[in-house]
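A quick write-up on the structure given underneath.
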Amino acid sequence: MPTSVRRFVAGAAGLSAVALLAGCAKNAPQDTWQPKGPNAQKIDDLQKPVFAIAGIVGLIVFAAVAYAVFRFKDRGQPIPEQTHGKPVLEIGMTILPALLLAGIGVFTFRTIFDLAKTDDTEMVINVTGQQWWWEYDYPVQTDYGITNPIITSGQLVIPTGTKVLLRETSRDVIHSYWIPALNGKRDAVPGRVHYLRLEADKPGIYAGQCTEFCGLSHAVMRMEAVALDKADFAAWVKGQLELADSPAEGTLAKEGESVFLNQCVRCHQVNGLKKADGSPAIAAPEENVWSGAAPNLTHLMTRNTFAGASWDLLTKECRKDVWEAPGGEFGKKYLAGVTEECLNQTDLRRWLRNAPAMKPMYADPTKLGPTDGKYRGMPNLGLSEDDIDKLVAYLATLK
Amino acid sequence: MAIIEQPAPVGAPALPAAPTPTRTYGALRRPVATTGWKSWVFTVDHKKLGIMYGVVAMFFFIVGGIEALLIRLQLAAPNGKVLSADVYNQMFTMHATTMVFLFVMPMAAAFANYFIPLQIGARDVAFPRINAFGFWTLVGGGIIVNLSWFLGGAADGGWFMYAPNSGPVFSPSHGVDFWALGLQITGIASLTGAINLIVTVLNMRAPGMSLMKMPVFTWLQLVVQFLLLFAIPVITVALFLLSFQRNFGATFFDVSAGADPLLWQHLFWIFGHPEVYVLILPSFGIISEVLPVFSKKPLFGYPFVVFSGAAIGFVGWGVWAHHMFASGLGPVSVAVFSIATMAIAIPTGVKIVNWTMTLWGGKLRFTAAMHFAVGLIVLFTIGGLSGVTHSVAPSDTQQTDTYYIVAHFHYVLFGGAIFGLFAGFYYWWPKMFGKQLNERLGKANFWFMVIGMNLTFGPMHMIGLQGQPRRMYVWTEARAGEGFFNIAFWNMVASIGAFILAFGVLLFLINVFKTTRSKEVAPLDPWDARTLEWMTTSPPKEHNFDAIPTVHHLDEFFHRKYEQDPNTHEMKQVATAEDILREQEANADKHIHMPSPSYWPIVLAGGLPVIALGIIYSIPVAIVGAAIVVLALFGWSLEPSTAPDSDFDPPASGDGTKELAPLG
Amino acid sequence: MTTTTEAHADHAEHQDHAEHGMSIRGYVTIALILAALTALEVSTYFVDFGPFFMPVLLILMCVKFFIVVSYFMHLKFDNKLFSFMFYTGLFLAIGVYAAFLATFKFFTA
Amino acid sequence: MADTAVHHAEHGHHTSTGLSNNKLGMWLFLGSECLLFGGLISTYMIYRGRVGEGPRPGNVFDIPFTSVSSFVLLMSSLTMVLAVAAAQKRDDRGTTLWLTVTGLLGATFVGGQMYEFTAMYNEGLGYTTSLFGSAFYTLTGFHGVHVTVGIIMLFSLVAIIKRSNVPGDKAEVVELVGLYWHFVDIVWIIIFTLVYLIPA
Ligand code: HEA
Ligand code: HEA
Ligand code: CUA
Ligand SMILES: [Cu+2]
């Protein structure tokens with residue numbers, strides 16, 4: 001059997017080598033070995049040598065075991081001497097790894113403190129996790145043209161080459177914010193504010209996912225970071241600061257607006273939306289949703305995903321067009337938002353028809369005892385197909 | 001309440017003056033059945049309890065394994081439809097809980113119970129009734145944890161049950177209540193077991209067996225028991241806080257009251273990290289017995305293995321926050337814990353070196369047990385090295401909560417802990433049952449498990465490094481990437497691997513079944529073993545050894561069989577196991593009196609699940625449970641320390657006198 | 001720790017329960033000391049000790065703790081193995097929970 | 001032969017270390033309890049200032065009262081040690097007397113704690129009022145339960161000794177209960193200082 005043991009050892013070594021090569025994958029959008037910004041780069045610079053060292057140590061162990069297994073199998077040799085060990089060897093084999101690890105430790109130490117710096121921040125964004133989506137809140141920063149707070153969800157938009165500091169917290173349970181291409185993850189813990197540095201070198205969309213188990217729909221709590229060059233970012237800010245216009249009288253969208261006022265505005269804010277009597281419509285999600293918030297929909301059609309970045313607002317082709325746009329064109333394509341022909345009506349309608357069927361949420365009105373009757377997520381509103389048509393038409397105007 | 005085994009009454013005559021059969025203690029009489037179900041249910045014999053631990057653990061292995069297979073079915077393809085989100089979340093929570101608390105820990109306890117007394121030349125453990133109590137408590141806890149499946153859904157917060165997601169608002173079913181109270185109960189089993197085994201090892205060694213002549217398995221189990229002794233109370237606190245919040249309205253994890261969710265994380269991991277060494281060290285101990293036997297060499301660097309084991313146990317207390325590198329501890333804490341975690345690779349590395357050097361220059365026989373032992377060295381090293389990559393905190397922020405972590409801990413747990421346990425099955429089966437497991441099937445078992453395990457957990461390295469988070473009931477093709485390393489393909493591979501793995505486990509069960517049916521009796525010393533447990537019959541007699549051996553060497557048994565020729569320096573066999581056993585039987589101790597069975601351990605243990613159910617559903621029920629516990633405690637402390645002589649069959653030795661074995 | 005049974009055979013003869021205790025008088029004296037220390041502790045509630053308040057209380061607490069452990073619980077006279085068992089737990093608890101509190105900035109904030 | 005075996009069992013000297021199994025077990029248990037109370041105390045330390053709308057520690061503690069009951073518990077350690085001394089002299093009367101006194105002192109302490117809890121409750125500190133409340137009652141409650149268990153053991157022991165029915169070495173059993181009792185006392189020494197005397 002020793003030959004087979006040997007084969008197994010070799011196989012295991014091979015497998016681990018394969019594991020080490022995992023970083024070479026193509027287009028896995030959350031690949032941790034393809035940094036796209038200085039923070040992730042720092043991590044990468046640290047971990048590559050560590051993986052190499054681990055691999056080499058592993059290979060040495062496998063080689064030694066394989067050799068021993070082959071060389072010393074019982075071929076009728078006499079019973080070996082009953083030696084109890086060689087202290088010199090033992091001590092040597094204790095000191096050697098210790099030195100190796102001490103070396104790794106020094107670099108680890110440096111990187112930890114580098115990545116914890118906050119004094120070089122150029123821009124601040126508040127990030128709030130909740131079941132099961134992310135809200136971004138850009139505080140007023142006139143340097144970037146942010147003259148009023150901007151509130152959006154799902155897609156984080158940042159300028160390239162800018163040291164952004166996320167201030168994370170949560171409204172319910174612990175979530176974790178993670179855009180692998182830009183930095184490691186940091187938990188968003190209710191009652192605490194944690195900081196995470198982000199900086200993107202180039203324009204593009206960088207995928208991420210909530211990585212702290214946060215209940216039912218943890219698996220579909222995704223997010224994306226969109227990096228735009230500085231000019232495009234300014235344009236984006238300008239767009240976000242605008243109020244929503246009421247659709248023209250007599251259009252389907254106008255009818256959608258009144259459905260929205262009836263059904264949706266108790267949770268969703270649309271900045272600039274006015275009630276029939278002309279007074280501003282203010283959402284009151286805290287009365288309906290346990291975490292106390294629902295996505296602000298004012299500029300829904302400027303993001304190209306919805307519901308925790310888990311479904312596309314763009315059709316497949318359109319999305320591909322944006323994601324794979326070359327660096328120079330990406331900004332423009334993204335800023336174009338979701339046009340009429342690119343709107344992924346299927347999923348949006350499905351959402352409006354019965355959101356909890358698409359994304360598991362605590363929305364059964366009979367089971368809301370523990371949350372004082374408040375939903376965790378968006379309930380099924382029992383809309384008619386007619387209403388849905390109208391709503392889609394209305395939502396499509398929210399650019 | 002401390003439960004104290006009572007030795008014989010003060011001043012009572014050693015030989016109760018020929019008690020008549022009519023003299024009874026009523027309910028306080030001790031049971032004496034030596035056959036039938038009563039001989040198992042009321043037993044205090046460490047070997048019977050060891051076997052029962054093993055059976056229960058194996059049952060839960062299959063339960064946990066089926067849960068794992070359902071997980072893999074769901075994840076085989078994108079947008080899996082096998083399980084709903086809710087059920088999936090329960091599934092991985094219970095899979096982990098079952099595997100960790102109801103399989104690996106009890107299985108390690110099975111080996112500890114069965115073999116520690118034999119390895120140190122004792123007739124039983126220090127507190128036999130507490131031993132029985134521990135076993136039944138474990139059963140009760142296991143039942144409570146799993147009962148939730150049938151009573152409105154199991155716990156769904158992940159095995160580390162982070163608050164506030166495990167709180168009453170976010171996990172409204174009773175699942176977490178069952179989980180917390182069930183684990184509280186199994187914790188009692190572990191704690192009492194730890195005290196019992198530590199006292200046993202310290203106090204009940206055969207004459208001449210100094211601590212540095214103790215077999216390594218016993219040593220590492222001793223370290224494990226100390227880890228349990230000090231780690232269990234920490235999880236006890238955490239579980240109490242959680243239960244009090246869920247059941248009595250306390251505010252410990254209620255953020256709106258100002259609570260800090262990191263409190264739970266710290267308490268859980270202060271327990272949790274020592275716990276992972278609780279899971280691995282018994283297996284390290286097992287292969288430290290197996291490798292020397294099949295290499296025909298003593299363990300290389302015995303004192304180093306022992307001290308590094310103790311070092312792991314000690315350093316293991318200072319690294320818990322490596323599970324929290326992304327939790328927002330602040331750079332100073334992260335740096336400290338990161339460096340401390342790296343340090344733990346050093347004593348572990350010592351062990352790998354020693355095992356390899358044990359093989360070196362040996363005369364290796366590749367039995368099934370040896371296959372698993374060598375497999376452990378390789379697979380554990382893979383898992384250990386990925387552990388070192390986690391310990392580099394900045395890298396870990398890319399890895400934590402991805403499948404790369406899942407890969408790490410399955411390599412150390414499956415490739416480490418479980419391979420060690422399987423090595424133990426094949427190595428010690430003849431000792432426990434007098435029959436040898438089929439070696440050919442055993443090797444097939446090994447190969448299916450190795451291949452299956454690498455196919456299942458190997459790809460998880462890549463899946464994880466490419467960013468698939470763990471605990472996702474579905475994954476999406478949109479983020480799976482393309483090319484050879486695409487996540488979709490490797491998820492499928494992992495799922496197929498899981499079934500190959502399951503087939504491997506199935507082969508083991510078949511092997512057990514076949515062996516049980518076969519009539520073939522194992523030789524007395526099938527492996528040419530080295531330690532005391534092989535110096536008695538297989539299976540051992542109730543009193544283990546006819547004569548307690550006096551120990552002169554590490555590997556005493558081997559040195560009784562072999563001597564070195566002073567001229568040629570060759571090892572020569574001078575005696576066989578049969579000779580040694582015959583000699584022992586000839587010099588048998590005449591007056592051996594084993595502790596009597598008892599009704600009270602199972603009654604006492606039975607009260608605990610009742611309390612748990614009461615806390616969940618209705619306080620009066622809990623009071624009934626508490627009453628059972630109190631009554632059982634009185635019964636326990638008032639029952640006589642042995643059954644009256646007349647209740648026994650005449651002793652086999654034919655010598656009518658009996659001596660109270662100095663056992664509780 | 002590595003003593004064997006043989007080594008204990010004679011040792012066993014001497015060790016009797018009554019021996020490793022103290023006299024009744026001794027116990028009462030200890031109790032009086034403890035009472036005095038407690039009185040001192042409580043006095044901090046009525047008298048202002050200024051900046052020494054915390055350290056004084058903590059020192060008194062430790063002194064009382066170890067007096068009870070050493071004399072009433074006999075650890076001072078008993079086999080060292082008992083001390084090992086207890087102090088391992090005690091110091092492990094102190095170390096672990098001090099680190100735990102430190103991560104909550106308990107000592108710095 | 002048989003005689004010596006029993007004799008050994010009685011004094012617990014048949015063991016490898018020459019120490020009694022029971023006593024070793026008890027010390028291990030107490031070592032383990034250090035981590036239990038350590039956890040509860042640490043939790044209290046983190047949460048003692050988090051009072052929400054409820055009362056602060058300084059508002060509800062009645063230091064003079066608690067000082068007296070702490071003193072009572074402390075003195076019960078003296079009576080306990082006297083009981084052990086009596087038991088070692090095989091003085092059953094002395095043993096039962098001191099055990100009873102110890103139990104009564106313990107009961108006084110628990111009674112005081114119940115009074116204290118009621119008073120605090122009336123001042124607005126319920127179990128669910130605030131983190132301070134939850135942590136405080138959990139910590140002191142755990143201690144109180146330990147004392148109560150100790151009291152039950154003491155009185156059971158008295159009853160059993162009265163019927164001269166103690167299986168095993170009487171002095172050792174008394175000593176073991178004593179160890180437990182002193183431990184509960186030293187835990188209170190810590191709680192009294194950290195929780196009561198050093199305000200949040
Ligand atoms: C049997 C159980 C077991 C064992 C033994 C280990 C061993 C180790 N573990 Fe593992 N671990 C787990 C079980 C275990 N782990 C589990 C269950 C989790 C996840 C829990 C959850 O989140 O659900 C986890 C998670 C986990 C994390 C957190 C990851 C995260 O969630 O972000 C970390 C981080 O540091 C870590 C590190 C280590 C290290 C450094 C070791 C070391 O002890 C390994 C030492 C061994 C070696 C290094 C190999 C051999 C040594 C040599 C050949 C010498 C030379 C080596 C060098 C110089 C490098 N483990
Ligand atoms: C000792 C511990 C242990 C063991 C042995 C295992 C064994 C296995 N685990 Fe384990 N696992 C954990 C501990 C363990 N796991 C932990 C701690 C977690 C983290 C949970 C959390 O995040 O909270 C986890 C999580 C976890 C996940 C991640 C889930 C997620 O994050 O969403 C997955 C996914 O593949 C997985 C798979 C498996 C598989 C396929 C096995 C296989 O090895 C199982 C093989 C065994 C059998 C299959 C049973 C025997 C088979 C038969 C008797 C055959 C006959 C029966 C049939 C074929 C039906 N486990
Ligand atoms: Cu939010 Cu997971
Ligand atoms: Cu760990």
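Not measured: the values here are computed from a predicted model. Below, read A as the first sequence line, B as the second, and so on, with proteins coming before strands; counting in each chain starts at 1.
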Other residues, nucleotides and ligands only: do more than 12 of their heavy atoms fall within 6.0 Å of CZ on Phe314(B)?
no

Heavy-atom cut-off 4.5 Å, strictly under: side chain, backbone, both or neither for Ile232(B) against chain D?
neither

Would you check, one step at a time, whether the test side-chain contact (heavy atoms from CB on, under 4.5 Å) holds for Leu191(B) with Ser32(D)?
CA-CA 9 Å; Leu191(B) 188 64; Ser32(D) 155; 3.4 Å; yes

With under 30° as parallel and over 60° as perpendicular, where do the rings of Tyr47(D) and Phe252(B) fit, or are they tilted in between?
parallel

Criterion side chain to side chain donor-acceptor pair (under 3.5 Å) on Asn203(B) and Thr17(D), from CA distance to verdict
CA-CA 6 Å; Asn203(B) 262 357; Thr17(D) 56; 2.3 Å; yes

Around Phe248(B), counting heavy atoms of other residues, nucleotides and ligands shown, do more than 12 lie under 6.0 Å from its CZ?
yes

Neighbour count >12 (heavy atoms, 6.0 Å) for atom OH, Tyr121(D)
no

Supply the atom-to-atom distance Asn21(D) CG to Asn196(B) CG, rounded to the nearest 0.5 angstrom.
9.0 Å

Under 4.5 Å from a heavy atom of chain B, the part of Phe37(D) involved
neither

I would like to know whether Ile160(D) and Leu638(B) meet side-chain contact (heavy atoms from CB on, under 4.5 Å); could you show each step before the answer?
CA-CA 9 Å; Ile160(D) 296 170; Leu638(B) 293 176; 4.0 Å; yes

Under the 3.5 angstrom rule, does the side chain of Thr128(D) hit a backbone N or O of Gly249(B) as a donor-acceptor pair?
no

Is a side-chain N or O of Thr15(D) found less than 3.5 angstrom from the main chain of Met204(B), in a donor-acceptor match?
no

In terms of heavy-atom proximity below 4.5 Å to chain D, should Leu229(B) be classed as side chain, backbone, both, or neither?
both

Could you state the interatomic distance from SG (Cys34(D)) to CZ (Phe230(B)), rounded to the nearest 0.5 Å?
8.0 Å

Rounded at 0.5 Å granularity, tell me how far CZ in Arg50(D) sits from CG in Asp254(B).
12.0 Å

Which atoms of Thr138(D) approach chain B - backbone, side chain, both or neither, heavy atom under 4.5 Å
side chain

State, with a plain yes or no, whether a side-chain heavy atom of Ile195(B) is found less than 4.5 Å away from one of Met26(D).
no

In terms of heavy-atom proximity below 4.5 Å to chain B, should Ile46(D) be classed as side chain, backbone, both, or neither?
side chain

Value rounded to 0.5 Å, distance of CZ in Phe127(B) from CG in Leu24(D):
7.5 Å

Any idea which heavy atoms bring Leu131(D) and Thr251(B) closest together, and the distance?
CD2-O, 3.0 Å

Side chain to side chain, Leu28(D) and Phe226(B), heavy atoms closer than 4.5 Å
yes

Check whether any side-chain N or O of Arg205(B) sits under 3.5 Å from a backbone N or O of Ser16(D) as a donor-acceptor pair, and report yes or no.
no

Approximate separation, where rounding is to 0.5 Å, of Gln245(B) CD and Ser134(D) OG
8.0 Å

For Phe240(B), is it the side chain, the backbone, both, or neither that has a heavy atom closer than 4.5 Å to a heavy atom of chain D?
side chain

Can you measure from CG (Asp260(B)) to OG1 (Thr43(D)) and round to the nearest 0.5 angstrom?
11.5 Å

